[in-house]
Protein chains: 2
Amino acid sequence: MSEPLDPAMFRDPDCTDRAAQPIRVGGKWTASVLRCLQDGTARRFSELRVPLYWITPKVLTETLRAMERDGLLTRTAHDENPPRVEYALTALGRSLLGPLDAACDWARTHGTEIVEAREAYGA
Amino acid sequence: MSEPLDPAMFRDPDCTDRAAQPIRVGGKWTASVLRCLQDGTARRFSELRVPLYWITPKVLTETLRAMERDGLLTRTAHDENPPRVEYALTALGRSLLGPLDAACDWARTHGTEIVEAREAYGA
DNA sequence: CTGTATCCACAGTGATACTG
DNA sequence: CAGTATCACTGTGGATACAG
């Protein structure tokens, strides 16, 4: 999720503007929120906290706000008491599930190789 | 590349150890290094710097060391003068190109939607 | 229940200069 | 050429407490 939006993140060799960096989409928790919502059902703020390592409300708010701003999910506040707010993926958010699953499959398949390589490197 | 190795990054709801976080593979530049080397040819330190926004040597060194440690690439130092060091992907590194391409394809296809969503959000 | 308000620690990133 | 050494900055992420 922290991948630069520029798919290759390469620059024109003639470009001299070092500040011309690609924009970034997503933070540490974006992928996990996506997976929480991937079955299509809308979930509430507190429902999202539990599977996400009891992420603090501040960080969850920031994550959800950023995803809403980027068009990945919708925020629906029902005018009730006590308040009820529900989050659900947009079509754009769902379109990210494919690449995300590919990454997760890779992690499942090759995760142990990474761990073993790290241990071998220590020696 | 900053995805947690745990594919879902969900925790056992009964787990009370908040520090039990999944390990992470890769940093800001890992995907770009991967793409620099994806055609299979080994490249030298200074060859890698140019397309990577003239990344500073310190950061490139750290990135390459981490990738070597994780088994994603090999570092070959030829005993010459001036020194020559070449980096090439391992099989594990090449296996990451698939998921990476999927992510890049997504960015190519949906990048403008993100930008538009951000602009619309400002209004 | 769904967030804000503060405050803070630190990893990550980077600029610059120097070395074998 | 291929790095290391320092120093500094910044934003993300997090703990805790409080509010509508």
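Heavy-atom basis, side chains included; hydrogens, waters and symmetry copies ignored. In what follows, chains carry the letters A, B, and so on, assigned in the order in which the sequence lines appear, proteins first and then strands, with residues in each chain numbered from 1.
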Distance check needed: [N] [atom2] versus [X] [atom1], whole Å only.
| X | N | atom1 | atom2 | answer |
| --- | --- | --- | --- | --- |
| E47(A) | dT2(C) | CD | P | 8 Å |
| I55(A) | dG14(D) | CD1 | C1' | 10 Å |
| R75(B) | dC1(D) | CZ | P | 16 Å |
| L60(B) | dT13(C) | CG | C1' | 13 Å |
| L64(B) | dG3(D) | CG | P | 8 Å |
| W54(A) | dT16(D) | CH2 | C1' | 17 Å |
| R49(B) | dC1(D) | CZ | C1' | 11 Å |

[atom1] of [X] to [atom2] of [Y]: how many Å apart, nearest 0.5 Å?
| X | Y | atom1 | atom2 | value |
| --- | --- | --- | --- | --- |
| T90(B) | L37(B) | OG1 | CG | 10.5 Å |
| L34(B) | L73(B) | CG | CG | 8.0 Å |
| E68(B) | Y87(B) | CD | OH | 7.5 Å |
| W106(A) | I114(A) | CH2 | CD1 | 4.0 Å |

Worksheet entry | Derivation and outcome, side-chain contact (heavy atoms from CB on, under 4.5 Å), residues D70(A) and T30(A) | CA-CA 11 Å; D70(A) 290 346; T30(A) 310; over 6 Å; no
Worksheet item: Can you list, by residue number, the residues of residues 76-86 of chain B that have a non-hydrogen atom closer than 4.0 angstrom to DNA chain C?
Response: P83(B)
Worksheet item: Are any side-chain N or O atoms of R69(A) and backbone N or O atoms of R118(B), one a donor and one an acceptor, separated by less than 3.5 Å?
Response: no
Practice prompt. State whether the side chain of D39(B) and the backbone N or O of T41(B) hold a donor-acceptor pair below 3.5 Å, judged by distance alone.
Written response: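 At least one qualifying donor-acceptor pair exists.
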Looking at [N], I'd like to know if its phosphate oxygens (OP1 or OP2) sit under 4.0 Å from a side-chain N or O belonging to [X].
| X | N | result |
| --- | --- | --- |
| S46(B) | dA2(D) | yes |
| Y87(B) | dG3(D) | yes |
| R44(A) | dC1(C) | no |

Practice prompt. For the helix from dC1(C)-dG20(D) to dG20(C)-dC1(D), figure out the bend between the end axes, five pairs an end, and round to 10 degrees.
Written response: 50°
Practice prompt. Would you please test R35(A) and C104(A) for side-chain contact (heavy atoms from CB on, under 4.5 Å) and show each step?
Written response: CA-CA 10 Å; R35(A) 290 182 78 79; C104(A) 289; 3.3 Å; yes
Worksheet item: Where do R43(B) and C36(B) come nearest, in terms of heavy atoms and distance?
Response: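 Scanning both residues, the minimum pair turns out to be NE-O, 3.0 Å.
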Response to the item:
Tightest non-hydrogen contact, residues F45(B) and L60(B), listed as O-CD2, 3.7 Å
List every contact pair, protein side and nucleotides 4-12 of chain D side both N or O, where the distance is under 3.5 Å.
from, atom 1, to, atom 2, distance (Å)
dT4(D), OP1, R65(B), NH2, 2.8

Discussion item. Run the side-chain contact (heavy atoms from CB on, under 4.5 Å) test on L89(A) and L97(A) for me, step by step, so that the C-alpha distance in whole Å, both residues' side-chain angles and the decisive distance to 0.1 Å come before the verdict.
Written reply: CA-CA 10 Å; L89(A) 294 187; L97(A) 290 172; 4.2 Å; yes
